[in-house]
Amino acid sequence: MKKFLIPIFIVVLSATIFAFDISLYKPVQSLEMGETFTAIANTSNAVFYNPAGIANLKGFFFQIPDINIGMSAGLGSVAMNTISNWGQIQSLIQSSNTMALVSYLIQNDLTYLEGSNSALIGSDVLMGYNFGNFAIAAGAFGQGWANSILTPSDTLSLNASAGGYAFGTAAVSMNFGGIKLNTGGTYKYGYVLPQIYNINNEYLLAANFTPNLTPLSTSNVDLGGIVSYDQFSFGTIWHNVLDQATPNVRIGIGYTNKNLSVGIDLEDIFNNNYTIYRKLHAGISYNIFDFLTLYGGLSAGWFTGGLQANLGPVFINVGTYVLNYGPYAGYNYQRMYVAEIGVRN
(Lines give C-alpha, C1' and ligand atoms only; values in the text may rest on other atoms or scores of the structure.)
Protein backbone atom coordinates (compact mmCIF):
# COMPACT_ATOMS: atom_id res chain seq x y z
CA MET A 1 0.00 0.00 0.00
CA LYS A 2 2.80 2.43 0.87
CA LYS A 3 4.27 1.83 -2.57
CA PHE A 4 1.25 3.54 -4.09
CA LEU A 5 0.56 6.11 -1.37
CA ILE A 6 4.00 7.75 -1.67
CA PRO A 7 3.47 8.88 -5.31
CA ILE A 8 0.08 10.33 -4.33
CA PHE A 9 1.74 12.12 -1.39
CA ILE A 10 4.34 13.61 -3.76
CA VAL A 11 1.57 14.75 -6.10
CA VAL A 12 -0.17 16.55 -3.24
CA LEU A 13 3.05 18.29 -2.25
CA SER A 14 3.99 19.35 -5.76
CA ALA A 15 0.68 20.39 -7.31
CA THR A 16 -2.81 21.28 -6.17
CA ILE A 17 -5.85 23.11 -7.36
CA PHE A 18 -5.75 26.40 -9.28
CA ALA A 19 -8.31 28.79 -10.77
CA PHE A 20 -11.04 26.37 -11.83
CA ASP A 21 -14.79 26.34 -11.36
CA ILE A 22 -15.09 23.21 -9.26
CA SER A 23 -18.85 23.66 -9.07
CA LEU A 24 -18.96 22.04 -12.52
CA TYR A 25 -17.94 18.44 -12.03
CA LYS A 26 -16.85 16.83 -15.31
CA PRO A 27 -17.12 13.04 -15.57
CA VAL A 28 -14.13 11.23 -17.05
CA GLN A 29 -16.09 9.71 -19.94
CA SER A 30 -17.23 13.09 -21.28
CA LEU A 31 -13.71 14.52 -20.96
CA GLU A 32 -12.35 11.60 -23.00
CA MET A 33 -15.02 12.34 -25.62
CA GLY A 34 -13.68 15.88 -26.02
CA GLU A 35 -16.31 17.21 -23.58
CA THR A 36 -19.24 16.31 -25.83
CA PHE A 37 -22.24 15.13 -23.86
CA THR A 38 -24.80 17.92 -24.21
CA ALA A 39 -27.03 16.19 -26.76
CA ILE A 40 -26.12 12.54 -26.04
CA ALA A 41 -26.63 12.56 -22.26
CA ASN A 42 -27.78 8.95 -22.06
CA THR A 43 -26.10 7.69 -18.87
CA SER A 44 -26.18 8.76 -15.22
CA ASN A 45 -23.46 11.30 -16.15
CA ALA A 46 -26.32 13.34 -17.59
CA VAL A 47 -26.80 14.72 -14.07
CA PHE A 48 -23.58 16.71 -14.54
CA TYR A 49 -23.57 17.50 -18.27
CA ASN A 50 -27.25 17.89 -19.12
CA PRO A 51 -29.86 17.07 -16.44
CA ALA A 52 -32.56 16.70 -19.10
CA GLY A 53 -30.85 13.45 -20.12
CA ILE A 54 -31.92 11.52 -17.00
CA ALA A 55 -35.41 11.38 -18.53
CA ASN A 56 -33.87 9.00 -21.11
CA LEU A 57 -32.83 6.46 -18.47
CA LYS A 58 -34.97 3.52 -17.46
CA GLY A 59 -36.08 2.53 -13.98
CA PHE A 60 -33.64 2.71 -11.09
CA PHE A 61 -30.11 3.98 -11.73
CA PHE A 62 -27.23 4.62 -9.39
CA GLN A 63 -23.52 5.12 -8.97
CA ILE A 64 -21.79 4.45 -5.67
CA PRO A 65 -18.69 6.49 -4.72
CA ASP A 66 -16.12 6.15 -7.46
CA ILE A 67 -12.70 7.73 -7.60
CA ASN A 68 -10.88 9.31 -10.51
CA ILE A 69 -7.36 10.66 -10.45
CA GLY A 70 -5.83 12.69 -13.24
CA MET A 71 -2.35 14.12 -13.56
CA SER A 72 -0.06 15.73 -16.12
CA ALA A 73 2.95 13.98 -17.64
CA GLY A 74 5.42 15.43 -15.12
CA LEU A 75 3.52 14.15 -12.13
CA GLY A 76 2.97 10.82 -13.86
CA SER A 77 6.73 10.49 -14.35
CA VAL A 78 7.29 11.19 -10.65
CA ALA A 79 4.79 8.48 -9.71
CA MET A 80 6.37 5.90 -12.02
CA ASN A 81 9.88 6.84 -10.92
CA THR A 82 8.85 6.43 -7.28
CA ILE A 83 7.30 3.00 -7.89
CA SER A 84 10.33 1.76 -9.86
CA ASN A 85 12.76 2.94 -7.14
CA TRP A 86 10.58 1.93 -4.22
CA GLY A 87 13.26 -0.22 -2.56
CA GLN A 88 15.65 2.69 -2.12
CA ILE A 89 12.89 5.05 -0.99
CA GLN A 90 11.61 2.48 1.49
CA SER A 91 15.05 2.13 3.07
CA LEU A 92 15.27 5.92 3.48
CA ILE A 93 11.83 5.96 5.12
CA GLN A 94 12.79 3.18 7.49
CA SER A 95 16.00 5.01 8.42
CA SER A 96 13.88 7.97 9.68
CA ASN A 97 16.40 10.29 7.99
CA THR A 98 13.99 12.95 6.75
CA MET A 99 16.67 15.17 5.23
CA ALA A 100 18.12 12.26 3.24
CA LEU A 101 14.65 11.36 1.95
CA VAL A 102 13.87 14.96 0.93
CA SER A 103 17.29 15.28 -0.73
CA TYR A 104 16.72 12.05 -2.66
CA LEU A 105 13.28 13.16 -3.87
CA ILE A 106 14.60 16.57 -4.97
CA GLN A 107 17.52 15.04 -6.85
CA ASN A 108 15.45 12.37 -8.58
CA ASP A 109 12.05 14.00 -9.10
CA LEU A 110 12.51 17.75 -9.33
CA THR A 111 13.46 17.76 -13.02
CA TYR A 112 10.18 16.07 -13.92
CA LEU A 113 8.26 18.85 -12.19
CA GLU A 114 9.79 21.74 -14.13
CA GLY A 115 7.19 23.69 -16.07
CA SER A 116 3.47 23.52 -15.36
CA ASN A 117 1.89 20.45 -13.79
CA SER A 118 -1.65 19.74 -12.68
CA ALA A 119 -3.49 17.13 -10.66
CA LEU A 120 -7.16 16.35 -10.08
CA ILE A 121 -9.06 14.00 -7.83
CA GLY A 122 -12.81 13.65 -7.89
CA SER A 123 -15.64 11.39 -6.82
CA ASP A 124 -19.42 11.25 -7.01
CA VAL A 125 -22.32 9.22 -5.68
CA LEU A 126 -25.89 9.37 -6.98
CA MET A 127 -29.11 7.46 -7.30
CA GLY A 128 -32.33 8.11 -9.15
CA TYR A 129 -35.45 6.66 -10.66
CA ASN A 130 -37.31 7.20 -13.93
CA PHE A 131 -41.08 6.87 -13.53
CA GLY A 132 -41.70 6.96 -17.29
CA ASN A 133 -42.05 10.59 -18.28
CA PHE A 134 -40.58 11.95 -15.05
CA ALA A 135 -37.21 11.24 -13.43
CA ILE A 136 -35.50 12.38 -10.24
CA ALA A 137 -31.98 11.92 -8.87
CA ALA A 138 -29.97 13.05 -5.87
CA GLY A 139 -26.39 12.68 -4.73
CA ALA A 140 -23.13 14.42 -3.98
CA PHE A 141 -19.77 15.03 -5.59
CA GLY A 142 -16.43 16.42 -4.60
CA GLN A 143 -13.47 17.66 -6.57
CA GLY A 144 -9.94 18.84 -5.98
CA TRP A 145 -7.91 20.63 -8.61
CA ALA A 146 -4.18 21.35 -8.64
CA ASN A 147 -1.48 23.33 -10.40
CA SER A 148 2.20 24.04 -9.85
CA ILE A 149 4.66 26.02 -11.94
CA LEU A 150 8.36 25.39 -11.30
CA THR A 151 10.89 27.34 -13.37
CA PRO A 152 14.49 26.28 -14.12
CA SER A 153 15.63 29.04 -11.73
CA ASP A 154 13.72 27.31 -8.91
CA THR A 155 10.92 29.85 -8.56
CA LEU A 156 7.69 28.18 -7.58
CA SER A 157 3.97 28.92 -7.86
CA LEU A 158 1.46 26.69 -6.12
CA ASN A 159 -2.29 27.16 -5.77
CA ALA A 160 -4.89 24.87 -4.25
CA SER A 161 -8.63 24.66 -3.62
CA ALA A 162 -11.30 22.00 -3.20
CA GLY A 163 -15.04 21.68 -2.88
CA GLY A 164 -17.94 19.36 -2.22
CA TYR A 165 -21.59 19.62 -3.30
CA ALA A 166 -24.93 17.94 -2.76
CA PHE A 167 -27.45 18.11 -5.58
CA GLY A 168 -31.01 17.31 -6.58
CA THR A 169 -32.07 16.78 -10.20
CA ALA A 170 -35.46 16.45 -11.90
CA ALA A 171 -36.39 16.00 -15.55
CA VAL A 172 -39.54 15.45 -17.60
CA SER A 173 -40.09 14.17 -21.15
CA MET A 174 -42.95 14.75 -23.59
CA ASN A 175 -43.67 13.13 -26.94
CA PHE A 176 -45.12 14.99 -29.91
CA GLY A 177 -45.51 12.41 -32.63
CA GLY A 178 -41.99 11.21 -33.39
CA ILE A 179 -40.36 14.12 -31.56
CA LYS A 180 -39.33 13.79 -27.90
CA LEU A 181 -38.72 16.85 -25.72
CA ASN A 182 -36.76 16.56 -22.45
CA THR A 183 -36.27 19.36 -19.94
CA GLY A 184 -34.49 19.21 -16.60
CA GLY A 185 -32.61 21.07 -13.94
CA THR A 186 -30.11 20.54 -11.14
CA TYR A 187 -29.79 22.48 -7.91
CA LYS A 188 -26.36 22.34 -6.25
CA TYR A 189 -25.36 23.45 -2.77
CA GLY A 190 -21.94 23.03 -1.27
CA TYR A 191 -18.78 24.43 0.26
CA VAL A 192 -15.50 25.47 -1.31
CA LEU A 193 -12.05 25.86 0.21
CA PRO A 194 -10.79 28.61 -2.10
CA GLN A 195 -7.18 28.63 -0.92
CA ILE A 196 -5.77 25.52 0.70
CA TYR A 197 -2.42 27.08 -0.02
CA ASN A 198 -1.10 29.72 -2.36
CA ILE A 199 2.51 30.47 -3.21
CA ASN A 200 3.51 32.80 -6.00
CA ASN A 201 7.01 33.55 -7.28
CA GLU A 202 8.79 32.40 -4.15
CA TYR A 203 12.10 30.58 -4.31
CA LEU A 204 11.65 26.88 -3.66
CA LEU A 205 13.74 26.78 -0.48
CA ALA A 206 11.98 29.84 0.92
CA ALA A 207 8.42 28.71 0.21
CA ASN A 208 5.97 29.70 2.93
CA PHE A 209 2.60 27.96 2.99
CA THR A 210 -0.36 30.20 3.85
CA PRO A 211 -3.49 28.09 4.11
CA ASN A 212 -6.99 29.50 4.32
CA LEU A 213 -9.30 26.67 5.34
CA THR A 214 -12.43 28.75 5.93
CA PRO A 215 -15.17 27.13 3.81
CA LEU A 216 -17.37 29.31 1.65
CA SER A 217 -20.92 28.19 0.95
CA THR A 218 -22.14 28.36 -2.64
CA SER A 219 -25.18 27.28 -4.62
CA ASN A 220 -26.30 27.35 -8.22
CA VAL A 221 -28.65 25.92 -10.81
CA ASP A 222 -28.13 24.20 -14.17
CA LEU A 223 -30.96 24.03 -16.71
CA GLY A 224 -30.94 21.76 -19.75
CA GLY A 225 -33.04 20.59 -22.65
CA ILE A 226 -32.89 17.90 -25.34
CA VAL A 227 -34.98 17.57 -28.50
CA SER A 228 -34.67 14.18 -30.20
CA TYR A 229 -36.07 12.57 -33.30
CA ASP A 230 -35.38 8.89 -33.87
CA GLN A 231 -31.61 8.54 -33.17
CA PHE A 232 -30.70 12.21 -33.67
CA SER A 233 -30.77 14.84 -30.93
CA PHE A 234 -30.11 18.51 -30.16
CA GLY A 235 -29.23 19.61 -26.63
CA THR A 236 -28.49 22.74 -24.68
CA ILE A 237 -27.35 23.43 -21.12
CA TRP A 238 -27.17 26.71 -19.20
CA HIS A 239 -24.59 26.28 -16.45
CA ASN A 240 -24.74 28.27 -13.22
CA VAL A 241 -27.92 30.17 -13.98
CA LEU A 242 -27.73 32.21 -10.75
CA ASP A 243 -24.45 33.87 -11.78
CA GLN A 244 -24.78 37.48 -12.89
CA ALA A 245 -22.05 37.16 -15.53
CA THR A 246 -22.56 36.42 -19.22
CA PRO A 247 -24.66 33.24 -19.49
CA ASN A 248 -22.52 30.10 -19.83
CA VAL A 249 -24.57 28.26 -22.44
CA ARG A 250 -23.47 25.17 -24.33
CA ILE A 251 -25.21 23.54 -27.32
CA GLY A 252 -24.69 20.21 -29.03
CA ILE A 253 -25.97 17.80 -31.64
CA GLY A 254 -25.72 14.02 -31.47
CA TYR A 255 -26.49 10.61 -32.87
CA THR A 256 -26.90 7.45 -30.80
CA ASN A 257 -27.72 3.82 -31.40
CA LYS A 258 -27.19 0.63 -29.41
CA ASN A 259 -23.38 0.66 -29.61
CA LEU A 260 -22.43 4.12 -30.91
CA SER A 261 -22.73 7.71 -29.68
CA VAL A 262 -21.41 10.69 -31.66
CA GLY A 263 -21.61 14.31 -30.54
CA ILE A 264 -20.51 17.81 -31.53
CA ASP A 265 -20.63 20.63 -28.96
CA LEU A 266 -20.06 24.37 -28.96
CA GLU A 267 -18.81 25.56 -25.55
CA ASP A 268 -19.76 28.84 -23.86
CA ILE A 269 -21.38 30.21 -27.02
CA PHE A 270 -21.83 33.77 -25.68
CA ASN A 271 -18.14 34.15 -24.79
CA ASN A 272 -16.89 36.62 -27.40
CA ASN A 273 -13.25 36.05 -26.37
CA TYR A 274 -13.31 32.47 -27.68
CA THR A 275 -12.83 31.73 -31.38
CA ILE A 276 -15.21 29.28 -33.02
CA TYR A 277 -12.49 26.62 -33.15
CA ARG A 278 -11.80 27.10 -29.44
CA LYS A 279 -15.49 26.49 -28.70
CA LEU A 280 -15.71 23.40 -30.90
CA HIS A 281 -15.68 19.90 -29.37
CA ALA A 282 -16.35 16.55 -31.02
CA GLY A 283 -16.50 13.06 -29.56
CA ILE A 284 -17.45 9.44 -30.04
CA SER A 285 -18.03 6.38 -27.87
CA TYR A 286 -18.27 2.86 -29.24
CA ASN A 287 -19.04 -0.39 -27.48
CA ILE A 288 -16.51 -2.72 -29.09
CA PHE A 289 -17.87 -5.58 -26.99
CA ASP A 290 -20.40 -5.67 -24.17
CA PHE A 291 -17.52 -5.38 -21.72
CA LEU A 292 -15.34 -2.84 -23.55
CA THR A 293 -16.08 0.78 -24.53
CA LEU A 294 -13.82 3.03 -26.59
CA TYR A 295 -13.88 6.83 -26.23
CA GLY A 296 -12.32 9.41 -28.55
CA GLY A 297 -12.63 13.08 -29.35
CA LEU A 298 -11.23 16.50 -30.16
CA SER A 299 -11.27 19.26 -27.55
CA ALA A 300 -10.45 22.68 -29.06
CA GLY A 301 -8.14 20.98 -31.55
CA TRP A 302 -6.53 18.44 -29.22
CA PHE A 303 -7.00 14.67 -29.22
CA THR A 304 -8.71 12.98 -26.28
CA GLY A 305 -9.52 9.33 -25.73
CA GLY A 306 -9.92 6.44 -23.36
CA LEU A 307 -10.84 2.81 -22.83
CA GLN A 308 -13.33 1.47 -20.32
CA ALA A 309 -13.71 -2.13 -19.14
CA ASN A 310 -17.24 -2.91 -17.95
CA LEU A 311 -17.00 -5.85 -15.57
CA GLY A 312 -20.61 -6.29 -14.52
CA PRO A 313 -21.50 -3.30 -12.34
CA VAL A 314 -17.80 -2.41 -11.91
CA PHE A 315 -16.06 -0.25 -14.49
CA ILE A 316 -12.40 0.68 -14.88
CA ASN A 317 -11.44 3.57 -17.15
CA VAL A 318 -8.07 4.89 -18.34
CA GLY A 319 -7.52 7.70 -20.82
CA THR A 320 -6.33 11.19 -21.63
CA TYR A 321 -7.89 14.63 -22.04
CA VAL A 322 -6.73 18.24 -22.19
CA LEU A 323 -7.20 21.39 -20.14
CA ASN A 324 -7.84 24.33 -22.45
CA TYR A 325 -6.92 27.72 -20.99
CA GLY A 326 -6.71 30.36 -23.71
CA PRO A 327 -9.22 31.85 -26.19
CA TYR A 328 -7.66 30.11 -29.21
CA ALA A 329 -7.68 26.47 -30.30
CA GLY A 330 -4.34 24.67 -30.12
CA TYR A 331 -2.71 26.99 -27.56
CA ASN A 332 -2.47 27.24 -23.79
CA TYR A 333 -3.35 23.69 -22.97
CA GLN A 334 -2.14 20.91 -20.71
CA ARG A 335 -2.55 17.19 -21.34
CA MET A 336 -3.88 15.10 -18.48
CA TYR A 337 -3.86 11.33 -17.94
CA VAL A 338 -6.66 9.84 -15.89
CA ALA A 339 -7.74 6.57 -14.25
CA GLU A 340 -11.14 5.88 -12.69
CA ILE A 341 -12.83 2.97 -10.94
CA GLY A 342 -16.43 2.83 -9.85
CA VAL A 343 -19.72 0.93 -9.67
CA ARG A 344 -22.94 1.79 -11.49
CA ASN A 345 -25.95 -0.03 -12.86
Side-chain angles (χ1 to χ4, degrees), residues 4 7-8 10-12 14-18 20-22 24-38 40 43 45 48-49 66-84 112-124 143-149 252 260-265 267 277-288 291-310 315-326 328-342:
F4 297 96
I8 297 174
I10 294 173
V11 166
V12 173
S14 60
T16 45
I17 304 171
F18 71 121
F20 181 78
D21 180 10
I22 57 175
L24 176 57
Y25 179 82
K26 296 184 177 181
V28 168
Q29 292 79 9
S30 58
L31 290 169
E32 293 172 350
M33 292 177 65
E35 293 188 58
T36 53
F37 213 64
T38 306
I40 54 176
T43 72
N45 285 342
F48 307 106
Y49 243 84
D66 67 329
I67 183 169
N68 64 79
I69 299 175
M71 62 183 66
S72 56
L75 294 177
S77 297
V78 170
M80 294 303 297
N81 187 50
T82 302
I83 293 172
S84 61
Y112 295 117
L113 299 176
E114 286 189 357
S116 179
N117 284 285
S118 297
L120 175 149
I121 183 169
S123 181
D124 64 72
Q143 192 172 37
W145 194 257
N147 181 256
S148 72
I149 301 174
L260 177 70
S261 294
V262 180
I264 298 175
D265 276 21
E267 173 189 4
Y277 300 107
R278 169 63 179 84
K279 297 178 181 181
L280 183 64
H281 301 262
I284 182 172
S285 70
Y286 180 68
N287 295 324
I288 304 174
F291 62 88
L292 196 63
T293 305
L294 176 68
Y295 299 95
L298 289 173
S299 177
W302 298 107
F303 165 77
T304 63
L307 196 64
Q308 181 165 302
N310 305 300
F315 67 92
I316 301 172
N317 184 294
V318 292
T320 180
Y321 63 93
V322 295
L323 306 176
N324 294 292
Y325 302 128
Y328 304 103
Y331 297 93
N332 295 327
Y333 83 104
Q334 188 169 120
R335 181 161 296 282
M336 300 287 287
Y337 301 88
V338 64
E340 179 184 35
I341 183 170

Original post:
Under 3.5 Å, is there a donor-acceptor pair between the side chain of Ser261 and the main chain of Ser285?
Top reply: no
Original post:
Side chains of Val338 and Val318: closer than 4.5 Å at any heavy-atom pair?
Top reply: no
Original post:
Rounded to the nearest 0.5 Å, what separation is found between the OH atom of Tyr286 and the CG atom of Leu292?
Top reply: 11.0 Å
Subject >> Derivation and outcome, side chain to side chain contact (heavy atoms under 4.5 Å, CB included), residues Ser118 and Leu323 >> reply: CA-CA 9 Å; Ser118 297; Leu323 306 176; 4.1 Å; yes
Original post:
Would Leu280 and Ile264 count as a side chain to side chain contact (heavy atoms under 4.5 Å, CB included) if you check the C-alpha gap in whole Å, the side-chain angles of each, and the deciding distance to 0.1 Å?
Top reply: CA-CA 7 Å; Leu280 183 64; Ile264 298 175; 3.8 Å; yes
Original post:
Would His281 and Met33 satisfy side chain to side chain contact (heavy atoms under 4.5 Å, CB included), going step by step from the backbone distance to the final call?
Top reply: CA-CA 8 Å; His281 301 262; Met33 292 177 65; over 6 Å; no
**OP:** Can you label the angle between the Trp302 ring and the Tyr333 ring as parallel, tilted or perpendicular, going by 30° and 60°?
**Re:** parallel
Original post:
At their closest point, which heavy atom of Asn324 faces which heavy atom of Ser299, and how far apart are they?
Top reply: ND2-OG, 2.8 Å
Original post:
Do you see a donor-acceptor pair shorter than 3.5 Å between the side chains of Thr43 and Gln29?
Top reply: no
**OP:** Taking all heavy atoms of Arg278 and all of Tyr325, pick out the closest pair and write down the distance.
**Re:** NH2-N, 4.4 Å
Original post:
Do any N or O atoms from the side chain of Arg335 and from the backbone of Phe303 form a donor-acceptor pair under 3.5 angstrom?
Top reply: yes
Subject >> Flag for Glu32-Asn317: side-chain donor and acceptor within less than 3.5 Å >> reply: yes
Original post:
Side chain of Ser123, backbone of Asp66: donor and acceptor closer than 3.5 Å?
Top reply: yes
**OP:** Answer yes or no: is there a donor N or O on one side and an acceptor on the other, between the side chain of Thr304 and the main chain of Tyr321, under 3.5 Å?
**Re:** no
**OP:** Check the side chains of Asp265 and Thr36 for a donor-acceptor pair under 3.5 angstrom, ignoring hydrogens and angles.
**Re:** no
Original post:
Which atom pair, heavy atoms only, marks the closest approach of Ser116 to Gln334?
Top reply: OG-NE2, 2.9 Å
Original post:
Does Asn117 reach the main-chain N or O of Gly74 with its side chain, forming a donor-acceptor pair under 3.5 Å?
Top reply: yes
Original post:
Which distance, rounded to the nearest 0.5 Å, do you find between the CD1 of Ile288 and the OG1 of Thr293?
Top reply: 8.0 Å
**OP:** Check step by step if side chain to side chain contact (heavy atoms under 4.5 Å, CB included) holds for Leu120 and Ile69.
**Re:** CA-CA 6 Å; Leu120 175 149; Ile69 299 175; over 6 Å; no
